[in-house]
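Just below is one structure, and these are the notes that go with it.
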Amino acid sequence: MQLISPDKNTFPLISKYIQRYEEKCIFLASHIRRQSKNLYIISNSGKTNDIQGIIYLDSSLFHLIPDLENINATELFSLIRQKQETKIKCISGEAKGTEFFKNLLKEVQGEAYQTNHYKLMTADQTVNPPEELANDDQIIRCTEADIDLLFPIQKKYLTEEVAPFGKTVTDAEVSIGLRQTLKNQLCLALYSNGEIVAKANTNAIGINWIQLGGVYTDPLYRRNGYAWHLISAICRRTSKAGKKSALFVKDINVPAMELYKKLGFKDSGLYEIAYF
C-alpha cells in the first residue's frame with residue numbers, strides 16, 4: 001500500500017473517480033477541483049490507477065474510502081504517521097470511515113473526546129418558499145466588506161452549532177473563518193429591521209455538488225421562513241451552474257431536518273465529525 005500525492009497528470013483521474021461519491025465528500029472534491037496540496041491517493045498496488053480511496057491530511061483528516069474491508073488498517077496507519085508529524089485534531093466524513101479512522105488513532109492519540117453525528121441530505125432541486133418575504137426584508141450577497149456586519153451572527157452560529165463542547169470561540173477565530181468564507185464561498189444574509197438576522201453559505205464548492213452550511217437565524221427572528229428563503233436562493237444560484245446541493249444536519253435537530261425535507265432534501269447517509 002502507498003499514499004500517493006497526485007500531480008497534474010493524475011488530478012483528472014481522481015476527479016473522475018470522486019464524482020461517483022461526491023455528495024458524501026464535497027470538501028475533498030473541492031480540493032481536487034483546485035488541485036490542492038495535502039491530498040493523497042490510497043493505492044494497494046502503488047499505481048495511481050488503483051485508487052482505493054482519497055484523504056486530505058492536515059490538522060484535520062477528510063476521507064473517502066468506499067470499500068473499507070479492502071484496506072489494511074495497520075499499514076494505512078503507518079503510512080499516515082509517516083506523512084503527519086503533528087496530531088490530528090479532527091476527522092470528518094462518512095460515518096463508517098470516521099469510525100474506522102477513530103479506531104486507528106485511538107492507540108496513539110486516545111479516544112476522541114467528542115463525536116458529532118449527522119444526517120447527510122441531498123437535493124437535485126429545491127422547493128421555493130411558500131410565501132414571499134415581507135416588504136422590509138431583503139436578501140443580500142455578502143462580500144468581505146460586510147465582515148463587521150456579519151460578525152455577531154457568525155459568532156453565535158459557531159458557538160451554538162459548531163464549537164466542540166467546552167471550547168470557547170474566540171473573536172480571532174470568527175474573523176479568520178468568516179473572511180475565508182466571504183472570500184471563497186457564496187454567502188447570503190437576510191436584512192430585517194435594518195440588521196442582519198439570518199445567514200447561510202456554501203461550505204465547499206465541488207465538481208458537480210455544493211455543500212451548504214452556516215445556516216443560522218437569530219432566535220428572535222425564527223419561524224419566519226428565513227432559512228428556507230436563504231437556502232432556496234443559494235440553491236437556485238448554484239443550480240444555474242449545474243451543481244446539486246448537499247448538507248449535513250445533526251441527527252438530533254429534528255426541526256432542521258423537517259425544514260430541509262420541505263425544501264426537497266432527502267436522507268442520503270450518515271456523517272460524523274470526531275474531535276481529538
Side-chain angles (χ1 to χ4, degrees), residues 18 21-34 36 38-39 54-56 58-64 89-95 97-98 116-123 126 141-144 146-147 150-151 153-164 169 173-189 198-217 227 230-239 241 243-251 253 256-257 259-260 263 265 268-275:
I18 205 168
Y21 315 98
E22 187 182 354
E23 69 273 20
K24 303 177 187 296
C25 53
I26 300 171
F27 179 88
L28 276 173
S30 72
H31 281 273
I32 290 172
R33 180 177 60 83
R34 291 181 286 165
S36 303
N38 299 330
L39 286 164
I54 300 170
I55 60 173
Y56 177 95
D58 198 353
S59 59
S60 294
L61 189 157
F62 292 81
H63 55 83
L64 166 67
K89 297 179 180 178
C90 175
I91 302 171
S92 183
E94 198 173 9
T98 295
N116 292 343
H117 304 273
Y118 301 89
K119 289 283 187 71
L120 175 67
M121 305 186 77
T122 58
T126 54
R141 179 171 184 175
C142 301
T143 69
E144 289 183 76
D146 300 307
I147 189 168
L150 281 166
F151 185 95
I153 199 166
Q154 180 71 359
K155 187 167 185 178
K156 289 180 181 179
Y157 162 70
L158 292 175
T159 300
E160 296 176 23
E161 302 292 338
V162 178
V169 177
E173 289 174 317
V174 177
S175 295
I176 292 169
L178 185 54
R179 194 172 298 279
Q180 286 296 314
T181 296
L182 294 173
K183 181 180 179 181
N184 299 312
Q185 304 293 330
L186 172 61
C187 178
L188 301 183
K199 62 171 284 290
N201 52 263
T202 58
N203 277 343
I205 300 172
I207 302 163
N208 297 312
W209 289 80
I210 62 102
Q211 180 180 297
L212 287 157
V215 181
Y216 185 83
T217 301
L230 288 167
I231 294 168
S232 180
I234 289 177
C235 292
R236 286 198 303 272
R237 293 187 185 214
T238 55
S239 67
K243 296 186 187 296
K244 294 177 280 189
S245 302
L247 54 84
F248 47 89
V249 56
K250 286 183 179 178
D251 61 2
N253 193 345
M257 283 188 277
L259 169 63
Y260 297 140
L263 270 156
F265 285 83
S268 297
L270 302 175
Y271 197 97
E272 281 188 6
I273 301 177
Y275 297 95

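Computed from a predicted structure; not experimentally measured. FYI, side chains are in, hydrogens and waters are out, and symmetry mates aren't considered; it's all heavy atoms of this structure.
- A distance-only check finds a donor-acceptor pair linking the side chain of K243 to the backbone of I207 [under 3.5 Å].
- Without hydrogens or angle criteria, T202 side chain to L186 main chain gives a donor-acceptor distance under 3.5 Å.
- Of the possible polar contacts, none joining the R179 side chain to the I147 backbone as a donor-acceptor pair under 3.5 Å is found.
- The shortest distance between side-chain heavy atoms of L230 and V215 does not fall below 4.5 Å.
- Residues Y118 and E272 come closest through the heavy atom pair CD1-CA, 4.5 Å.
- Looking at I231 and S245, their side chains never come closer than 4.5 Å, going by heavy atoms from C-beta outward.
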Do T126 and F265 pass the side chain to side chain contact (heavy atoms under 4.5 Å, CB included) test, and can you show the C-alpha distance, the side-chain angles, and the key distance before you say yes or no? CA-CA 7 Å; T126 54; F265 285 83; 3.8 Å; yes
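- Heavy atoms from other residues, nucleotides or ligands lying under 6.0 Å from NZ of K250 number more than 12.
- The aromatic rings of H31 and Y56 sit tilted relative to each other, their planes meeting at an angle between 30° and 60°.
- The minimum heavy-atom distance between I26 and G206, with the atom names listed, is CG2-N, 3.8 Å.
- Because its NZ or CZ atom is both nearer than 6.0 Å to the ring centre of Y157 and within 45° of the ring axis, K199 counts as a cation-pi partner of that residue.
- Residues K119 and L270 have side chains in contact (heavy-atom distance under 4.5 Å, counting atoms from C-beta outward).
- Judged by distance alone, with hydrogens and angles left aside, the side-chain atoms of S30 form a donor-acceptor pair with the main-chain N or O of F27 at under 3.5 Å.
- Side-chain contact check for K244 versus T122: every heavy-atom pair is 4.5 Å or farther apart.
- The minimum heavy-atom distance between L61 and H63, with the atom names listed, is CD2-CB, 3.9 Å.
- Heavy atoms only, all atoms of each residue included: I205 and Q185 are closest at CG1-OE1, 3.5 Å.
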Please assess S92 against Y271 for the test side chain to side chain contact (heavy atoms under 4.5 Å, CB included), listing each intermediate value before the final yes or no. CA-CA 8 Å; S92 183; Y271 197 97; 2.8 Å; yes
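- For the residue pair E94 / Y21, no side-chain donor-acceptor distance below 3.5 Å is found, with atom types taken as modelled.
- In this model, a donor atom of one side chain and an acceptor atom of the other lie less than 3.5 Å apart for S232 and R236.
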Give the C-alpha distance, both sets of side-chain angles, the deciding distance and a yes or no for side chain to side chain contact (heavy atoms under 4.5 Å, CB included) between L247 and N203. CA-CA 9 Å; L247 54 84; N203 277 343; over 6 Å; no
